[in-house]
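First comes the structure, then the notes that go with it.
Residue numbers run from 1 in the order of the sequence given.
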Amino acid sequence: AAELATQNLAQDQMRVKHLRDRFEQGVLAAIPDTLVLGDTANRLVNTSLLAFDRADAEPILQTLAEAGIAISSGSACSSGSTEPSHVLKAMAVPYSALYGAIRVSFSHNNTDDHVGHILALLPAAVAHARKVSSYNMVPNQVVAAE
């Protein structure tokens, strides 16, 4: 099993990278005021970290969870916390986008149909999150890391 997994690893990584990139391109095209966070050239092939300006991630997570899509909020090091990640602060993410960060992970089990499904749901989920967010009243400013 390990030998078979090793043989398919490079091919799987390229396919997963394609899914991640297609997802990010679709999000950027459909949802204004979205940031792709991190080094887009040197990163894990399966993970996308996005921030939606003037939105709270929790309503986005809830909407997608109701559709059977599991994603996380914030950076991996602050998973489960309601406070913005110190890592996102250190990355100089604008304050108005700190609470709107989501992390999407892809695997060899995901397909183009999965990406299409989330892309069909995400714009409305973000629009709703922006509508109900109290953070949308904060001007774009950078908060220094603690």
Side-chain angles (χ1 to χ4, degrees), residues 1-136 138 140 142-143:
E3 187 176 316
L4 182 60
T6 302
Q7 290 173 355
N8 296 327
L9 185 62
Q11 183 179 355
D12 285 346
Q13 286 182 334
M14 289 303 295
R15 196 177 68 71
V16 169
K17 180 184 181 300
H18 164 76
L19 295 174
R20 183 206 63 204
D21 292 348
R22 178 174 170 245
F23 167 72
E24 288 179 354
Q25 291 165 1
V27 170
L28 291 173
I31 305 172
D33 301 322
T34 299
L35 305 167
V36 176
L37 303 177
D39 183 340
T40 57
N42 300 302
R43 60 183 169 148
L44 295 173
V45 297
N46 71 318
T47 305
S48 177
L49 180 58
L50 305 172
F52 302 105
D53 196 40
R54 300 175 324 278
D56 187 333
E58 291 308 312
I60 298 168
L61 270 60
Q62 182 178 1
T63 298
L64 294 179
E66 290 169 359
I69 299 168
I71 63 171
S72 301
S73 63
S75 67
C77 63
S78 66
S79 186
S81 173
T82 58
E83 291 303 310
S85 160
H86 66 280
V87 172
L88 297 180
K89 289 179 183 179
M91 292 170 62
V93 173
Y95 180 81
S96 59
L98 283 174
Y99 289 91
I102 65 166
R103 189 171 16 89
V104 180
S105 298
F106 297 93
S107 79
H108 66 277
N109 293 322
N110 292 120
T111 66
D112 278 321
D113 287 343
H114 292 131
V115 173
H117 183 60
I118 191 172
L119 287 175
L121 298 172
L122 195 56
V126 172
H128 171 71
R130 286 177 170 160
K131 183 178 179 182
V132 300
S133 176
S134 60
Y135 307 108
N136 64 9
V138 178
N140 251 352
V142 175
V143 176

* Could you check if a side-chain atom of Leu49 sits within less than 4.5 angstrom of a side-chain atom of Leu88, using non-hydrogen atoms only? => yes
* Closest contact, heavy atoms only, Asn109 versus Arg15 -> N-NH2, 4.1 Å
* Asked: Could you state the interatomic distance from NE2 (His117) to CD1 (Ile69), rounded to the nearest 0.5 Å?
  -> 4.0 Å
* Which value, rounded to the nearest 0.5 Å, describes the distance between Arg103 atom CZ and Ser48 atom OG? -> 11.0 Å
* Asked: Does His18 offer a backbone N or O that forms a donor-acceptor pair with the side chain of Asp21 under 3.5 Å?
  -> no
* To do: State, to 0.1 Å, how close Ser105 and Thr47 come at their nearest heavy-atom pair, and which atoms those are.
  => OG-OG1, 4.0 Å
* Which atom of Leu35 lies closest to which atom of Ala97, heavy atoms considered -> CD1-CB, 4.2 Å
* Where is the tightest heavy-atom contact between Ala41 and Asp39, given as atom of each residue plus distance? -> N-OD1, 2.9 Å
* Asked: Hey, what do you get for OH (Tyr95) to NZ (Lys89), rounding to the nearest 0.5 Å?
  -> 8.0 Å
* Could you walk me through whether Asn110 and Phe23 pass the side chain to side chain contact (heavy atoms under 4.5 Å, CB included) check? -> CA-CA 12 Å; Asn110 292 120; Phe23 167 72; over 6 Å; no
* To do: Measure the spacing between CZ of Arg130 and CD1 of Ile60 and express it to the nearest 0.5 Å.
  => 8.0 Å
* Is there side-chain contact between Asn46 and His108, with heavy atoms separated by less than 4.5 Å? -> no
* Would you say Leu19 and Asp112 make side-chain contact, with heavy atoms under 4.5 Å? -> yes
* Arg54 side chain vs Ala129 backbone, donor-acceptor pair below 3.5 Å -> no
* How many angstroms lie between CD in Glu58 and CD1 in Ile102, if you round to the nearest 0.5 Å? -> 11.0 Å
* Asked: Side chains of Phe52 and Leu122: closer than 4.5 Å at any heavy-atom pair?
  -> yes
* Please round to the nearest 0.5 Å and tell me the distance separating atom CZ of Arg22 and atom CG of Leu119. => 6.0 Å
* Side chains of Ile118 and Leu64: closer than 4.5 Å at any heavy-atom pair? -> yes
* **Shortest non-hydrogen separation from Thr40 to Val36 and the atoms involved** => CG2-CG1, 3.7 Å
* Asked: Got more than 12 heavy atoms from elsewhere within 6.0 Å of CD, Gln11?
  -> no
* What's the shortest heavy-atom distance between Ala57 and Ser73, and which atoms? -> CB-CB, 3.8 Å
* Under the 3.5 angstrom rule, does the side chain of His114 hit a backbone N or O of Thr111 as a donor-acceptor pair? -> yes
